[in-house]
Amino acid sequence: MREKILDMFETSTGGRVIFSVNKIGGVMKDMDADMLKEFVKILNGMEKDLRELSRTFLENKAVNSRLQGVGLLTKQQAHDLGTVGPFMRASGIVRDTRRMGYAAYSDLEFETITSDVGDCYARTDVRIKELFQSIDIIRQAVEKIPDSEIAVPVKGFPDGEYFMRVEQPRGEAVYYVKGNGTKFLDRVRVRTPTFANLPGMLETLKGAQLADVPILILTIDPCISCTER
Amino acid sequence: MKLLTFAKTELHNLFSKPATRLYPQEPRVYPERTRGHVENNIDVCVFCGLCSKKCPTGAITVDRPAKSWSIKRFSCIQCGYCVASCPKKCLCMRPAYTQPASEKGTETFTQAPKDDQSA
Ligand code: SF4
Ligand code: SF4
């Protein structure tokens with residue numbers, strides 16, 4: 001299943017893992033209607049397989065017994081510890097940066113997916129539902145995508161600073177750039193979602209059984225290389 | 001009901017084609033946009049050196065007097081800046097990846113003297 005996704009990446013951007021398709025002012029490569037249609041077809045097929053697969057996580061007794069009631073994080077804790085993304089939403093906080101409507105998100109319809117339980121099962125549940133939500137968002141986007149320029153020319157060097165919040169699969173990321181009017185930037189800082197989720201993860205680890213540790217870590221879906229910077 | 005789901009998966013796995021391909025016999029077809037390696041049509045190159053100036057990793061060296069163009073394949077990150085900057089459009093990005101190697105070598109292409117044609 002992952003291979004299909006990587007193939008779509010490769011067909012559209014030329015890279016399987018590192019896409020290098022964004023540039024200042026837009027993107028480097030366009031996707032035509034046929035390509036988009038093909039992608040939607042692949043996604044539709046994949047959605048079916050995913051439904052089948054997700055039942056293992058959500059309905060299987062053995063899996064459920066490992067997830068339910070493990071690693072509880074209350075709404076208050078999730079808020080105090082500054083968690084983001086599905087980790088936060090599984091504890092009942094209704095927040096999704098995409099709802100602020102940046103980029104094309106204001107034209108797309110989707111609900112913020114949350115759960116009130118706050119355990120590992122809730123996190124799994126939220127994540128799985130977000131998979132289907134993402135497929136749905138892509139389908140909507142393909143339908144509504146306008147035919148237009150893919151990049152605007154950018155001249156000169158930036159002066160000033162900019163701060164942007166975006167929702168990534170793991171949660172909210174923060175980008176900060178400061179320019180000084182020369183070729184070199186003064187500062188670039190990326191606050192990755194995993195970094196924000198670590199305090200929350202530490203809280204769930206307190207007093208946990210050793211056997212539950214992998215699950216507790218994996219349900220925040222950490223990206224170590226993002227965080228180790 | 002649960003048992004039936006399992007049987008369905010099992011039957012599917014038994015009778016479906018493997019997801020993998022029989023690699024060397026059945027070569028992989030790359031999509032046309034795959035960034036595999038940079039190729040230089042050396043006969044068209046004018047050795048202006050723009051590509052080496054634009055290359056963020058310094059992978060390209062251009063020697064104008066010797067009419068040679070070299071690329072360190074292991075330094076190249078396939079960004080395509082050189083391809084975009086070439087005034088003669090003699091550089092292009094090809095989909096196939098380069099061969100694995102145990103040493104970081106440099107590939108050099110030299111233009112054959114043009115005199116033969118003009119003479
Ligand atoms: S930019 Fe093009 S013409 Fe100039 S040296 Fe490089 S390959 Fe040759
Ligand atoms: S593709 Fe990028 S890294 Fe590779 S030689 Fe060209 S400019 Fe340099």
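Computed from a predicted structure; not experimentally measured. We name chains A, B, ... by the order of the sequence lines, and we start the count at 1 in each one.
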Quiz item: Counting only heavy atoms not in B:Tyr81, do more than 12 fall under 6.0 Å of its OH?
Solution: no
Self-check item: Gap separating the OH atom of B:Tyr30 from the CZ atom of A:Arg16, nearest 0.5 angstrom
Solution: 9.5 Å
Quiz item: How long is the gap from CE on A:Met28 to SG on B:Cys79, to the nearest 0.5 Å?
Solution: 7.5 Å
Exercise. Mark yes when over 12 heavy atoms from residues, nucleotides or ligands other than A:Ile5 sit less than 6.0 Å from its CD1; otherwise mark no.
Key: yes
Quiz item: Within a radius of less than 6.0 Å around CG of A:Asp147, do more than 12 heavy atoms belonging to other residues, nucleotides or ligands occur?
Solution: no
Quiz prompt | Side chains of A:Ser20 and B:Arg35 in contact at under 4.5 Å (non-hydrogen atoms) | solution = yes
Quiz item: Crowded around A:Lys178 NZ? As in, over 12 foreign heavy atoms under 6.0 Å?
Solution: no
Quiz prompt | Close side-chain approach of A:Glu10 and B:Arg33, heavy atoms under 4.5 Å | solution = no
Practice problem: Name the region of A:Met1, side chain, backbone, both or neither, that has any atom closer than 4.5 Å to a heavy atom of chain B. | Solution: neither
Quiz item: Counting only heavy atoms not in A:Lys29, do more than 12 sit closer than 6.0 Å to its NZ atom?
Solution: yes
